[in-house]
Enquirer: 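Once you've had a glance at the structure underneath, I'll fire off some questions.
As a basis for the values below, the full set of heavy atoms in this structure was taken, side chains included, without hydrogen atoms, waters or symmetry mates.
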Amino acid sequence: MPAPESSRPPLSVSQLVGVIRNTLQTHLGRVRVAGEISNFSVHGSGHCYFTLKDDRAQIQCVMFRSDARKLQFRPADGMQVEAVGRADVYAARGTLQLRTVAMRSAGEGALQKAFEQLKRRLGEEGLFDPAKKKPLPPFPRVVGLVTSGSGAALKDLLTVIGRRYPLTEVLLYPVSVQGFGAAEDIAHGLRNLNVLHAKQGADAPDVLIVGRGGGSAEDLWAFNEEVVARAIFESDIPVVSAVGHETDFTIADFVSDVRAPTPSAAAEMVVPDRVALRQRLLSLMRSGRSTVLSQIDGERYRVRRLLYSPGMTQPLRRLEQYSQSLDERTARMGLAIERRLNAYRDRAAALQRHLEALDPRRILGRGYVWIEKDGKPVVRAGQTQPGDEVSLRFVDGMKEARILP
């Protein structure tokens, strides 16, 4: 008859874990398990750690470096796989795990398929179009944060913004970032901040950061939901997505105006660096001062040249020179006018002589007679008939005559 339970010495925790481990290895042996990978990571030692799950349960897995080297593919979150190994207990934590010795791909996981399908559909609708991306304001007055009110991402955002540009105010809209209803909560926050922006209130944000810290594909899944994508696309305020780590990509990253690899990087993108601004301002001030001083030196030189010029040092002499020059020009002008008048006189005399040479009265003085009929000159015999009366002009007067037959 077995000893009563109270009479047996108690087991230590290590002994209990050892019993469980021996029982699993003895009665279960090697198993093959099908499921979806999540939280996959490779430690610096080369060991791989991940979770294998289905829609009802999950188990932690470890694959040591010697076995991981034999893999024919690189595991990633969302992959459906078949893992071969032994159920074991990690004594330090007392957790059940599958010590995996081999693994093969069994196709994409359901989450990855859903991701690719939604990404393809929204891309065809134009939600990722670069031409529709809005620029970030260079000096935002208010930055709106749509993230968890208690996560590490919020602390990083506030720290970076406060350090880089304390003039910027921060407006937090706390939301759930994972789990049931998180996507709707995020979309609601984005739309409410846009309503505030439309009212142009004093605390209306100029730019929005939406995101969270790192996690598994399931943890980040709210940012892959269509309701979040459409809320980002419809936002009148520029949106920066900051979801997870640098290697994490979500639908929100593709539809947002700017994608930041981490929340800290997002804060650096949306606010300027006051140190860099101060250096820039000092540089501009030095450059402006140098330009002004250079201009002053140039004007000072011009004034000095003017003060020491002959016109300023010897004004009377300068006036005398101008007066003498004026006299010379006047004399030259008078001479030119006289020459021109003489030329006109000579030309007029020549024209007079020409006119006198053409005067018909000069011909009459040599014995010629000018015959006119009805006030018109008669130059041909055929212009008269017997009995016509004509006028004869002599050098000293007129006589009337008649044409005989």
Side-chain angles (χ1 to χ4, degrees), residues 76-78 108-137 140 143-148 151 153-154 157 171-198 204-271:
D77 289 353
E108 292 183 46
L111 291 179
Q112 186 65 21
K113 288 182 179 179
F115 174 86
E116 295 296 340
Q117 290 173 356
L118 180 61
K119 178 183 174 184
R120 187 181 305 110
R121 179 162 58 85
L122 296 182
E124 292 172 353
E125 290 185 30
L127 270 69
F128 309 152
D129 187 355
K132 297 178 181 179
K133 306 293 186 183
K134 297 178 285 296
L136 303 183
V143 176
L145 305 181
V146 182
T147 187
S148 170
L154 176 61
L157 289 166
L171 178 61
L172 172 64
Y173 195 102
V175 295
S176 301
V177 293
Q178 71 182 71
F180 182 77
E184 289 74 13
D185 202 13
I186 296 167
H188 188 66
L190 289 167
R191 293 193 174 101
N192 278 351
L193 290 179
N194 269 270
V195 171
L196 185 62
H197 175 77
D206 307 304
V207 62
L208 301 178
I209 299 177
V210 57
R212 56 155 294 159
S216 66
E218 293 81 2
D219 295 337
L220 307 181
W221 189 253
F223 297 91
N224 288 321
E225 295 285 353
E226 183 173 355
V227 64
V228 173
R230 296 200 178 276
I232 294 175
F233 182 75
E234 294 165 3
S235 174
D236 293 326
I237 311 172
V239 178
V240 178
S241 67
V243 183
H245 301 300
E246 188 170 358
T247 56
D248 296 321
F249 282 88
T250 64
I251 297 296
D253 293 327
F254 295 104
V255 72
S256 62
D257 298 296
V258 177
R259 185 250 176 185
T262 64
S264 297
E268 293 180 353
M269 289 179 178
V270 299
V271 296

Enquirer: Does Asn194 reach the main-chain N or O of Asp236 with its side chain, forming a donor-acceptor pair under 3.5 Å?
Expert: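 Between the backbone of Asp236 and the side chain of Asn194 there is a qualifying donor-acceptor contact (under 3.5 Å).
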Enquirer: Quick check on side chain to side chain contact (heavy atoms under 4.5 Å, CB included): which of Val143, Leu208, Val258 does Val240 satisfy it with?
Expert: Val258
Enquirer: Among residues at least two apart in sequence or on other chains, which ones pass side chain to side chain contact (heavy atoms under 4.5 Å, CB included) with Glu226?
Expert: Leu118, Arg121, Leu122, Arg230
Enquirer: Kindly indicate whether the side chain of Ile209, heavy atoms from C-beta on, has any atom under 4.5 Å from the side chain of Thr147.
Expert: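 They are not in side-chain contact.
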Enquirer: Show the nearest heavy-atom pair for residues Ala265 and Ala260, with the distance to one decimal.
Expert: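 The answer is C-CB, 4.1 Å.
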Enquirer: Please check this pair: side chain of Arg191 against backbone of Glu234, looking for a donor-acceptor N/O pair closer than 3.5 Å.
Expert: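 Not confirmed, Arg191 side chain does not pair with Glu234 backbone.
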Enquirer: Which heavy atom of Val239 sits nearest to which heavy atom of Ser256, and what is that distance?
Expert: O-CB, 3.6 Å
Enquirer: Would you indicate whether the side-chain heavy atoms of Phe128 and Val255 approach each other to under 4.5 Å?
Expert: yes
Enquirer: Suppose we screen for side chain to side chain contact (heavy atoms under 4.5 Å, CB included). Which residues come up paired with Ser148, at least two apart in sequence or across chains?
Expert: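 In terms of side chain to side chain contact (heavy atoms under 4.5 Å, CB included), with neighbours along the sequence ignored, Ser148 is linked to Ser150, Val177.
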Enquirer: Does any part of the side chain of Asp219, heavy atoms only, come nearer than 4.5 Å to the side chain of Arg212, both counted from C-beta?
Expert: yes
Enquirer: Would you name the heavy atoms of Val228 and Ala222 that are closest together and state the gap between them?
Expert: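 Heavy atoms only, the tightest pair is CG2-O, 3.4 Å.
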Enquirer: Quick check for you: to the nearest 0.5 Å, what is the distance between Phe115 atom CZ and Arg120 atom CZ?
Expert: 11.0 Å
Enquirer: How far apart are the closest heavy atoms of Phe223 and Val210, and which atoms are they?
Expert: CE2-CG2, 3.9 Å
Enquirer: Using a 3.5 Å distance criterion without hydrogens, assess whether the side chain of His197 forms a donor-acceptor pair with backbone atoms of Pro205.
Expert: yes
Enquirer: If the condition is side chain to side chain donor-acceptor pair (under 3.5 Å), which residues does Asp77 pass it with, not counting sequence neighbours?
Expert: none
Enquirer: As an exercise, state the distance from CG of Leu190 to CG of Asp185, rounded to the nearest 0.5 Å.
Expert: 10.0 Å
Enquirer: Can you name the nearest heavy-atom pair linking Thr262 to Ala242, along with the distance?
Expert: O-CB, 3.8 Å
Enquirer: With side-chain contact (heavy atoms from CB on, under 4.5 Å) as the test, would you mind laying out the steps for Leu171 and Leu196 before giving the verdict?
Expert: CA-CA 11 Å; Leu171 178 61; Leu196 185 62; 3.6 Å; yes
Enquirer: Mind checking what makes side chain to side chain contact (heavy atoms under 4.5 Å, CB included) contact with Lys134, not counting sequence neighbours?
Expert: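 Scan of Lys134 (side chain to side chain contact (heavy atoms under 4.5 Å, CB included), adjacent residues dropped) gives Pro238, Asp257.
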Enquirer: I'd like to check Ile251 versus Lys119 (side-chain heavy atoms, cut-off strictly below 4.5 Å). Are they in contact?
Expert: yes
Enquirer: Holding to side chain to side chain donor-acceptor pair (under 3.5 Å), I want the full list of residues that pass it with His245, two or more places apart in sequence or in another chain.
Expert: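 Applying side chain to side chain donor-acceptor pair (under 3.5 Å) to His245 gives none.
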Enquirer: Who pairs with Asp253 by side chain to side chain contact (heavy atoms under 4.5 Å, CB included), at least two apart in sequence or on another chain?
Expert: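 Once residues adjacent in sequence are excluded, the partners of Asp253 under the side chain to side chain contact (heavy atoms under 4.5 Å, CB included) criterion are Ser241, Val243, Phe249, Thr250, Arg259.
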